[in-house]
There are 2 protein chains.
Amino acid sequence: MSGNAPKKKGEASRRILRAAEELFAAKGFAAVSVRDIAQLAEVNKALVFYYYENKATLLRKVLEQYYTSHAEALSPADPTTSLREQVHALLTSYLDFIEDNSRYIHIVQHELLANGENVGMIREGMNLLFSRVQEVLADMAGDGPLHVRHFFLSFSGLVVAYFTYAPALDEIWDGDPLSASNRRERREHLHWVIDQLLSGMEANQA
Amino acid sequence: MSGNAPKKKGEASRRILRAAEELFAAKGFAAVSVRDIAQLAEVNKALVFYYYENKATLLRKVLEQYYTSHAEALSPADPTTSLREQVHALLTSYLDFIEDNSRYIHIVQHELLANGENVGMIREGMNLLFSRVQEVLADMAGDGPLHVRHFFLSFSGLVVAYFTYAPALDEIWDGDPLSASNRRERREHLHWVIDQLLSGMEANQA
DNA sequence: AAATGTGTTGACCGAGCGGTTAACGATTGA
DNA sequence: TCAATCGTTAACCGCTCGGTCAACACATTT
């Protein structure tokens, strides 16, 4: 009688996780109800608690999933290329990852802002990414205001800002900032920016 | 009988607004209850609705308040100084504002991420800030990836990232990233960064 | 055929939510 | 002096929240 699509067994668990991911990214943990998740997943609410202990666990599982793919996405540096190229390659792979997983940074930012209980896991992700940047930049960077950590944070900020502020940029951008061509242009800008920074670091070294 | 401090009349309204501001910044709109606000303001819950129509209005009033001071904080460019100095002055005043109103960006980011109903007001704030940047940078910037809007967004990202990611940076920073000396060092880094970008823009112009 | 285990369900729970209301004391103005 | 207004309160409302539970369908094992 119902118009529901036939549900394969065993996939309910994954559907719940995907729905939770989508909603947490869009509205933040606190603004999402378990009922919302169940409805989007086309699943009975009680089933959510059958597969996941509680709402908080659901968020943790979503983050864990990302943590894994985040680690995989960071391809190791290719030592046969120049440092400049290595940095550009790192930026490219980071942008690729974020474009493919735009929900990830939304959830991460939500958690960071709310100073939730999962900041520890996020910190691990940051440390991982930092060690990769350090690997490549350690020799070029300097001390104090030119310490690697500042460049790491600046890179992160440059990349992430675009996605965070997009909803408020449409007037300035004169259209959807997230369109394919605009994203491409933004990438070019970012590569240009780190090029200037790399030049500055080289000059400082000499 | 109660240990409550004597409350001057008329200040209850402001106390509510301040409490709301503090809590919205710390936990986000959805995660804050009117009871929380009333308790922090040491005020009866019903009084919140006496002064403010509802919870959403309270958030709007908080944002309006910031919108005003944000506009005031942007001192006009001093045409007697060089463009470089004008850009540095703009960065400094933006950093000053954000350090004095760190709750502001937290609330703004929360709203942007949640794509709430107040994005319109935030957009106005962004447009305002953008026009100031454009004023100073219009002649230097170029087209496509070197368009002013990209520099505007990059500046914003560079500045804001520090405050957003601070809670997850303590291991990398080897201590509180928000300490006075670390904030000073970060400022120096940012001035160094925009110096490199300005050099790049000049080179591109030639 | 009986027993067992797994996935799924609707009905239910207490707690907390945003918001309302009627009444009260203090202040003010006629 | 009396009435009106203002700031404040406790009690209450309907509703949604996260989470539980007993029962059920169904497949597998004994």
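Proteins come first, then strands; the chains are lettered A, B, ... in the order of their sequence lines, and each starts at number 1.
Of the listed nucleotides (D/dT8, D/dC12, D/dG19), D/dC12 has the atom at the smallest distance from the side chain of B/K45. Checked against C/dC17, C/dC12, C/dT9, the side chain of B/S33 finds its nearest nucleotide in C/dC17.
Seen from the ring of B/Y52, B/K61 does not count as a face-on cation partner, given the 6.0 Å and 45° thresholds.
A/F49 places its CZ atom 15 Å from the P atom of C/dT9, with the value rounded to the nearest Å. Distance, A/Y50 OH to D/dT20 P: 15 Å, rounded to whole Å. Protein atom CG of B/L47 is 17 Å distant from nucleotide atom P of C/dA26, rounded to whole Å. Put simply, CZ on A/R15 is 13 Å from C1' on C/dG7, counting in whole angstrom units. Regarding B/R35, its CZ atom lies at a distance of 13 Å from the C1' atom of D/dC17, rounded to whole Å. As a whole-Å value, the separation of B/I16 CD1 from D/dG7 P is 12 Å. Here the C1' atom of nucleotide D/dG18 and the CD atom of A/Q39 are 17 Å apart, to the nearest Å. Taking atom CD1 of A/I37 as the reference point, atom P of D/dG18 lies 8 Å away to the nearest angstrom.
Across the interface with DNA chain D, nearest-nucleotide mapping of A/A30 and A/A46 shows A/A30 to be the residue nearer the 5′ end.
A distance-only check finds a donor-acceptor pair linking the side chain of A/N44 to the backbone of A/A46 [under 3.5 Å].
OP1 or OP2 of C/dT8 sits under 4.0 Å from a side-chain N or O of A/Y51.
The neighbour count for A/R187 CZ, taken as heavy atoms of other residues, nucleotides or ligands under 6.0 Å away, is above 12.
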Determine, stepwise, if the pair B/F97 / B/H70 fulfils ring-ring contact (aromatic ring centres under 6.0 Å, His included). CA-CA 7 Å; B/F97 174 72; B/H70 189 174; 4.8 Å; yes
